[in-house]
Amino acid sequence: MRSLAVLLAGLCVSAVSLSAQTNFSGKTYTNLAPTSHLAIGDINGDNYPDILIYSPIIDQTGSTLSHAYVLYNDGQGNFGSPTALPGTALFNTARIVDMNGDSYPDVVGCYNTVSGNTNQLNVVVEINNGGGNFSELPPVSAPGICRDMAVGDVYRDGHLAVITVGYAEPAAQQQVTPVFDVFSNDGSGHLTLAQSSTPSLDSPNGGNYTNCAPTTVTAGDFQKNGNFDLILANRCYPTNPTVSGVFSTFFYVSQGSSGYTSFSPLRNTESEDIVTNLKTLDLTHSGSLDFLGAANRTGQGHIEWGYDVNNGFEYQVGWPDYGSSIPYVGGAAAADFDGDGNNDLVRSGSSAPRTFSQVTLSVLPGQGGTTWGSAVSTTVGTASSYATDVMVADFNRDGKPDYATLLPDTGTQTTTLYVATNIFGSAVCTAPATPNTSTICTPTKLQQFAAGTTSVSVTAASNITSFAHNRLYLDDSTVYDTDSQSVSTSISVTDGNHHLVLVSWNSSGTSFTSSTDFTVGQPGGCLKDSPGASLCSPTQLGTYSGQITVNAGDRAPSGLAVTAIRVYIDNLAVYTSYNPGVTSTYQFSHNLNVATGDHVMVIVGYHSDGSADSVSAYFTVTNNGCSAQANQNNLVICAPQPSQQVGSPVTVLASASSTSPYIAAMRIYVDNNALATVYNNSPNDPVFTIQQPVTIPSGTHHVVVVGYPSSGGYVSSSEQIVIQ
């Protein structure tokens with residue numbers, strides 16, 4: 001067996017000509033230690049995505065050949081010699097995330113050990129002390145074998161928890177018990193086993209293939225309710241000894257108040273495809289999260305996905321014949337490589353897993369929705385390499401997505417890293433040079449679109465250290481999510497004024513924003529012909545049920561500009577809209593949750609010389625839709641919504657009730673600091689509802705509202721929000 005030192009010392013780089021893929025320039029980094037998985041993240045804090053390669057490979061003597069190594073990016077998409085992580089690092093699965101909140105991306109991984117006849121999974125955190133210098137925390141263990149993991153803020157405490165999935169018995173015995181574990185994080189990266197369960201992941205229709213356990217997991221807020229939800233793909237073995245072969249099932253796992261207890265099937269029958277390497281993304285540019293993975297059956301590989309079909313939560317799981325000419329698909333990813341606004345697919349394929357063949361890399365051009373054109377392919381690697389997963393990142397920071405994969409060689413017991421740089425045309429939107437900033441290239445500030453326009457193209461780019469996620473908000477509603485620093489999508493619009501915000505998160509959960517305003521239709525709308533403020537909605541003495549839409553504007557006196565417009569309700573400032581341009585007129589439309597009852601709204605327009613205009617209207621809200629359940633101990637926060645991005649001051653709308661005579665008061669806490677207390681002046685009402693503005697600095701914050709029953713005790717509810 002060749003030593004690791006020899007394998008690492010033999011690293012070399014070569015250029016590859018892609019005559020079949022003229023839109024990509026490929027480089028190979030050969031003679032790496034034998035690994036089969038990769039993760040991408042800015043490990044040394046220089047703002048360029050680095051590559052972590054990992055995963056144990058066992059040779060014919062039973063020896064573990066692999067370790068975990070980092071290849072650092074020089075900023076041009078070139079990678080240096082691998083640097084080994086300390087300690088155990090024999091990961092079966094790993095992620096690059098900030099586990100202790102110091103803005104340095106750490107590595108969390110899961111590996112398996114055997115004690116006697118018992119399998120044990122171990123989760124270990126490698127703490128990044130800055131510049132890629134790591135120290136290993138003590139591992140935390142649970143029974144079973146780890147197959148995959150997800151990392152996210154499960155408990156909404158600002159700390160990343162770890163979810164592992166796998167099985168309790170060796171798969172070769174074909175008697176598997178699924179294991180599902182959640183490890184909480186104390187904020188320093190130290191983990192504790194918080195939940196351990198063995199959910200049923202069998203086919204909902206029963207049958208011979210009911211012995212199912214997870215092979216892969218992916219996560220995201222699939223229902224747009226602030227929860228960290230999961231998609232599980234499972235491998236099933238026959239319970240009937242006369243039946244051969246394996247099948248798979250898909251399950252959705254919803255996060256509830258007591259953890260993960262609801263496991264719902266996403267299709268009604270098992271499939272012959274065994275799915276691996278799931279990823280979360282907005283595959284169809286619908287504004288909802290989808291998932292994508294590699295799917296294989298005997299002699300036939302596919303790309304498999306699930307997508308939201310009606311803007312609710314009803315997923316259709318597809319397994320098309322894209323890739324049917326490839327006997328085995330190792331992995332798949334999606335990105336808009338050609339900048340046409342549609343996601344393209346990239347896949348890696350070979351004749352079979354871990355057998356002698358060359359690897360075929362294919363790009364399938366997106367044609368909108370879930371339709372793709374013919375694959376454009378190239379062959380890489382040696383005659384004894386095989387396909388693994390594919391990952392997408394902007395390696396040379398030119399605003400265009402690139403991709404990378406590993407090519408393990410079964411003959412030499414080494415691995416080749418293959419990096420494909422996108423040279424298709426010019427960058428859609430160039431990221432700013434300043435770290436931790438972002439930009440929206442289109443639509444431009446104050447751009448006007450013709451009346452009746454239903455779709456607007458959005459291009460944006462972010463330069464975020466330890467980047468994790470991008471999200472677009474249109475008029476305070478989420479319209480697009482992506483894990484790429486480059487954004488190229490189309491959003492649905494209606495006539496009127498619109499406010500578009502790009503929020504970029506790093507791996508520690510810190511957010512960075514940029515915004516633009518644009519108009520669909522002719523300017524005018526809610527503006528007076530002469531200088532002064534105007535309020536078109538709510539109308540004077542109007543009555544409303546549910547959310548209030550504020551339509552307001554201001555025309556400054558000659559020679560002056562409108563700088564901002566502020567909304568007051570009952571003498572409390574609840575919203576401010578700033579004019580991004582030096583213009584004499586400005587108008588906006590914004591939705592507000594307002595408590596039930598009679599109110600007065602005042603609109604104040606501020607001018608460049610410090611002067612101001614104002615206008616007011618009285619209105620009534622008969623039912624704002626925010627009400628706790630009467631005579632029960634409960635409290636609901638109706639606004640802002642979990643994970644919503646809002647401006648400050650933010651109006652907290654909450655309702656509480658209890659089994660005691662009444663709720664005496666409610667208090668609002670932000671990051672454990674009490675900011676406001678509202679007392680109940682109507683003790684005869686069984687439900688107490690408040691609408692209270694509070695000033696909160698920009699960033700991500702934890703909000704808790706506590707209600708105090710008159711007989712003692714408390715009721716509460718909490719959420720995280722993002723302040724622009």
Side-chain angles (χ1 to χ4, degrees), residues 439-453 456 458 473-476 493-502 513-542 544 548-592 594 599-619 646-651 693 695 698 723-724:
T439 184
I440 298 176
C441 295
T442 58
T444 58
K445 284 188 179 296
L446 302 180
Q447 184 172 354
Q448 295 179 6
F449 296 89
T453 299
V456 168
V458 178
Y473 292 86
L474 181 66
D475 303 328
D476 293 330
V493 296
T494 57
D495 284 2
N497 303 304
H498 298 285
H499 185 57
L500 181 69
V501 178
L502 171 68
T513 65
S514 61
S515 65
T516 188
D517 292 88
F518 64 94
T519 300
V520 178
Q522 292 296 320
C526 192
L527 285 175
K528 296 174 62 175
D529 294 333
S530 58
S534 52
L535 177 59
C536 299
S537 173
T539 59
Q540 183 72 270
L541 302 179
Y544 301 89
I548 299 296
T549 299
V550 181
N551 288 316
D554 186 44
R555 184 182 297 275
S558 177
L560 300 179
V562 179
T563 57
I565 300 176
R566 181 165 293 162
V567 181
Y568 292 84
I569 296 180
D570 304 331
N571 296 320
L572 295 173
V574 296
Y575 178 73
T576 303
S577 182
Y578 294 95
N579 185 1
V582 184
T583 55
S584 61
T585 61
Y586 182 62
Q587 56 185 329
F588 70 93
S589 177
H590 183 75
N591 294 327
L592 286 175
V594 183
H599 304 279
V600 59
M601 178 180 292
V602 177
I603 300 296
V604 180
Y606 297 94
H607 307 144
S608 53
D609 67 345
S611 62
D613 294 322
S614 66
V615 65
S616 63
Y618 291 89
F619 65 98
V646 293
S648 183
V650 56
T651 299
T695 300
S698 61
I723 303 297
Q724 297 182 25

### Message
As a quick check of understanding, evaluate side-chain contact (heavy atoms from CB on, under 4.5 Å) for T585 and Q587, giving each step before the final call.
### Response
CA-CA 7 Å; T585 61; Q587 56 185 329; over 6 Å; no
## Note on the structure
Residues passing the side-chain contact (heavy atoms from CB on, under 4.5 Å) test with N551, sequence neighbours excluded, are C536, S537, T549, S589
### Message
Distance check, rounded to the nearest 0.5 Å: Y606 atom OH versus D613 atom CG?
### Response
11.0 Å
### Message
Run the side-chain contact (heavy atoms from CB on, under 4.5 Å) test on F588 and I565 for me, step by step, so that the C-alpha distance in whole Å, both residues' side-chain angles and the decisive distance to 0.1 Å come before the verdict.
### Response
CA-CA 9 Å; F588 70 93; I565 300 176; 3.5 Å; yes
### Task
Return the minimal non-hydrogen interatomic distance between H498 and T494, and the atom names on each side.
NE2-O, 2.6 Å
## Note on the structure
To the nearest 0.5 Å, atom CE of M601 lies from atom CD1 of I548 at 7.0 Å
### Query
Hey, what do you get for CG (N579) to OG (S608), rounding to the nearest 0.5 Å?
10.0 Å
### Query
Nearest heavy-atom pair of L535 and S616: which atoms, and what distance?
CD2-C, 4.4 Å
### Query
What class does the angle between the rings of F449 and F518 fall in, given that below 30° is parallel, 30 to 60° is tilted and above 60° is perpendicular?
perpendicular
### Query
For the residue pair P693 and A573, what are the closest heavy atoms and their distance?
CB-O, 3.5 Å
### Query
Which heavy-atom pair separates H607 from L560 by the least distance, and what is that distance?
CB-CD1, 4.3 Å
### Task
Test side-chain contact (heavy atoms from CB on, under 4.5 Å) on V458 and L502 and set out the steps.
CA-CA 10 Å; V458 178; L502 171 68; over 6 Å; no
#### Entry: Nearest heavy atoms of A552 and C526, plus distance in Å
CA-SG, 3.7 Å
### Summary
Shortest non-hydrogen pair, S577 vs Y586, comes out as OG-OH, 2.7 Å
### Query
How long is the span from the OG atom in S584 to the CG atom in D554, to the nearest 0.5 Å?
10.0 Å
### Query
When rounded to the nearest 0.5 angstrom, what is the spacing between CD in Q540 and CZ in F619?
10.5 Å
### Query
Can T576 and R566 be counted as having a side-chain donor-acceptor contact under 3.5 angstrom?
yes
